[in-house]
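Here's the structure, in structure tokens; my notes come after.
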Amino acid sequence: MTYHPKSDFMAVMMQRGFLADCTDYQGLDEALATGVVPGYIGFDATAKSLHVGSLIQIMMLRWLQKTGHRPIVLMGGGTTKVGDPSFRAEERPLLTPAQIDDNISGIRQVFGNYVSFGTGARDALMVNNAEWLDQLNYLDFLRDIGRHFSVNRMLSFESVKSRIDREQSLSFLEFNYMILQAYDFLELNRRYGCRLQMGGSDQWGNIVNGIDLTRRVLSAEIFGLTSPLLTTADGKKMGKSQSGAIWLNADMLSPYEFWQFWRNTDDADVGRFLKLYTELPVDDCDRLGALKGAEINEAKVVLANEVTALAHGKAAAAAAEATARQVFEAGGVGDDLPALHLCTAEVAGGIALSQLFVRAGLAKSGKDAKRLIAEGGARVDDVVAADAGRMIQAADLAAPLKLTAGRKRHALVILDR
């Protein structure tokens, strides 16, 4: 589709690759060009941190505010009690209210780095849908809200249909999720004048439901916009790595490890990721992404620095780069490397090298560590390790021991005396 936007926000969405679909391109663009548009994205509290799979949505909220509008961060304190069934093979584990509240506290930490909260017309707002969902009367909700939903239509949504076609169980609890999410849009419009819901393209059906419901009940003019579901160049889902999820909270993943994730980006993804996850001008993103050979590595450093600075601050990004250069270029031991701390009792009788790789997070299991060592992919203080059964004694840890898996994953082993 060829469309020339009037609003800064729609121009950013289209130029930087955020836009997958929109319920009304022209209508939303005109609304954005003529006044402040409050827009929201919902985040269920299924863990204590979001990971980089959610970062594209966070950046959309950031750009919404930067272009003069009001971002609303909706925490799913209520919907997390149900669990979104979209494109899942099985029901999510149910969390207790205390677990959900704890997760929300962890997630809340990240947003202050991306949007500015306050009470002004363009200040970001964080709300919890438990405020209204926990108070619902079931019979009143069925009569007033449920009557607007067609089960036939709900069954036709791809997120539900794919589950049923695979003959995988879909509980009535999960089936209600899309109604509750639709009701969120209605409440946000009623309470805060919210006119836009955004999300990944897997949320299209839920977003359309919310628009239909809000128009029926409140006769409001509202819009939906989705971003593409991202995979890396090798087909992997964004947000995962060999060592696990790439969390946004520093207490769940160190800024150095976060920086390394972006530094290790596939060459083919650099330009695209610069546009989505940084605020560098589009022309600069295209120029950096087109570099070849050794030069693309410096583009990856730019990417890692820019993304890490947004998530953890410029000082953390600079420290991560300094550590990386010390480790990779000078062969030294950087102060910011992930560290495994051992007490004297743990090494009294020695500890197998393979187990150190597991405990340091460089191997998933003892078997994985032994294979890594056997294939020559493990090093100890930059010397190739040949014996997985080698016992590391306290004397070996007089100074921090550097473990390396492959070429780019490192950790320190430190004996606390």
Side-chain angles (χ1 to χ4, degrees), residues 48-56 58-59 62 106-107 109-114 232 236 238-267 269-280 284-285 288-289 291 294-341 357 360-362 379 381-382 399-414:
K48 292 183 180 180
S49 172
L50 299 175
H51 59 64
V52 298
S54 297
L55 193 52
I56 187 171
I58 296 172
M59 290 299 293
R62 180 175 173 85
I107 292 171
Q109 299 171 19
V110 76
F111 280 96
N113 296 323
Y114 290 93
T232 55
K236 294 179 181 177
M238 191 64 182
K240 302 288 186 180
S241 72
Q242 287 184 342
S243 56
I246 306 301
W247 302 108
L248 300 179
N249 288 37
D251 58 350
M252 293 184 66
L253 187 78
S254 73
Y256 174 79
E257 292 172 287
F258 183 82
W259 189 95
Q260 276 295 333
F261 170 78
W262 297 100
R263 169 60 181 80
N264 294 337
T265 295
D266 189 285
D267 293 1
D269 288 327
V270 173
R272 181 170 56 132
F273 286 1
L274 282 165
K275 290 178 186 176
L276 291 171
Y277 299 116
T278 82
E279 294 174 344
L280 292 177
D284 289 350
C285 297
L288 290 167
L291 295 175
E295 290 185 329
I296 194 67
N297 290 328
E298 287 307 311
K300 294 178 185 181
V301 170
V302 172
L303 172 65
N305 283 340
E306 293 290 327
V307 181
T308 305
L310 283 174
H312 299 295
K314 292 183 179 179
E321 182 184 2
T323 295
R325 292 196 184 280
Q326 189 177 2
V327 170
F328 299 133
E329 296 177 7
V333 175
D335 295 334
D336 202 31
L337 282 179
L340 167 65
H341 290 266
F357 274 84
L362 299 177
R379 284 175 287 161
D381 283 341
D382 297 319
L401 197 69
K402 186 173 78 170
L403 304 181
T404 302
R407 292 188 298 171
K408 299 178 180 179
R409 299 173 58 221
H410 308 267
L412 298 180
V413 182
I414 299 172

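Note that the structure is predicted; figures quoted are calculated from it, not measured. Just so you know, these numbers use all the heavy atoms, side chains as well, and skip hydrogens, waters and symmetry mates. Here, residue 1 is the first one in the sequence, and each next residue gets the next number.
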Under 4.5 Å between any side-chain heavy atoms of [X] and [Y], yes or no?
X	Y	result
Y277	L310	no
R62	E279	yes
V307	V52	no
L412	L340	no
L403	R379	no

Do any N or O atoms from the side chain of [X] and from the backbone of [Y] form a donor-acceptor pair under 3.5 angstrom?
X	Y	answer
T308	A304	yes
N264	Q260	yes
N113	A311	yes
D267	I296	no

Nearest non-hydrogen partners of [X] and [Y], listed with the distance:
X	Y	value
R409	G361	NH2-O, 3.0 Å
H410	T404	ND1-OG1, 3.0 Å
T265	F273	CG2-CD2, 3.7 Å
L248	S49	N-OG, 3.3 Å
A316	P255	CB-CB, 4.0 Å
N249	I107	ND2-N, 4.4 Å

key: Flag for N305-W262: side-chain donor and acceptor within less than 3.5 Å   =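 Result is no, nothing qualifies.
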
task = Please report the C-alpha distance between L55 and Y114 in whole Å, then the side-chain angles of each, then the deciding distance to 0.1 Å, and finally whether the side chain to side chain contact (heavy atoms under 4.5 Å, CB included) criterion is met.
result = CA-CA 10 Å; L55 193 52; Y114 290 93; 3.5 Å; yes

Reported CD1-to-OG distance for the pair I246 and S54, which is rounded to 0.5 angstrom =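 Result: 13.0 Å between the selected atoms.
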
Atom pair CG/CD1 of L276 and I56 - distance to nearest 0.5 Å =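 If I round to the nearest 0.5 Å, the distance is 5.0 Å.
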
key: Check ion pair R263-E321 (N to O, under 4.0 angstrom)   =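 Here R263 does not pair with E321 in a salt bridge, since their nearest N and O are not under 4.0 Å apart.
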
ask   = Could K48 and D251 be called an ion pair, given the rule that one side-chain N must be under 4.0 Å from one carboxylate O?
value =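 Salt bridge flag = no for D251 with K48.
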
message = I want to know whether W247 and F258 have ring centres closer than 6.0 Å.
response =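 So the answer is no for these two rings.
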
inquiry  = Run the side chain to side chain contact (heavy atoms under 4.5 Å, CB included) test on R272 and D269 for me, step by step, so that the C-alpha distance in whole Å, both residues' side-chain angles and the decisive distance to 0.1 Å come before the verdict.
reply    = CA-CA 5 Å; R272 181 170 56 132; D269 288 327; 2.7 Å; yes

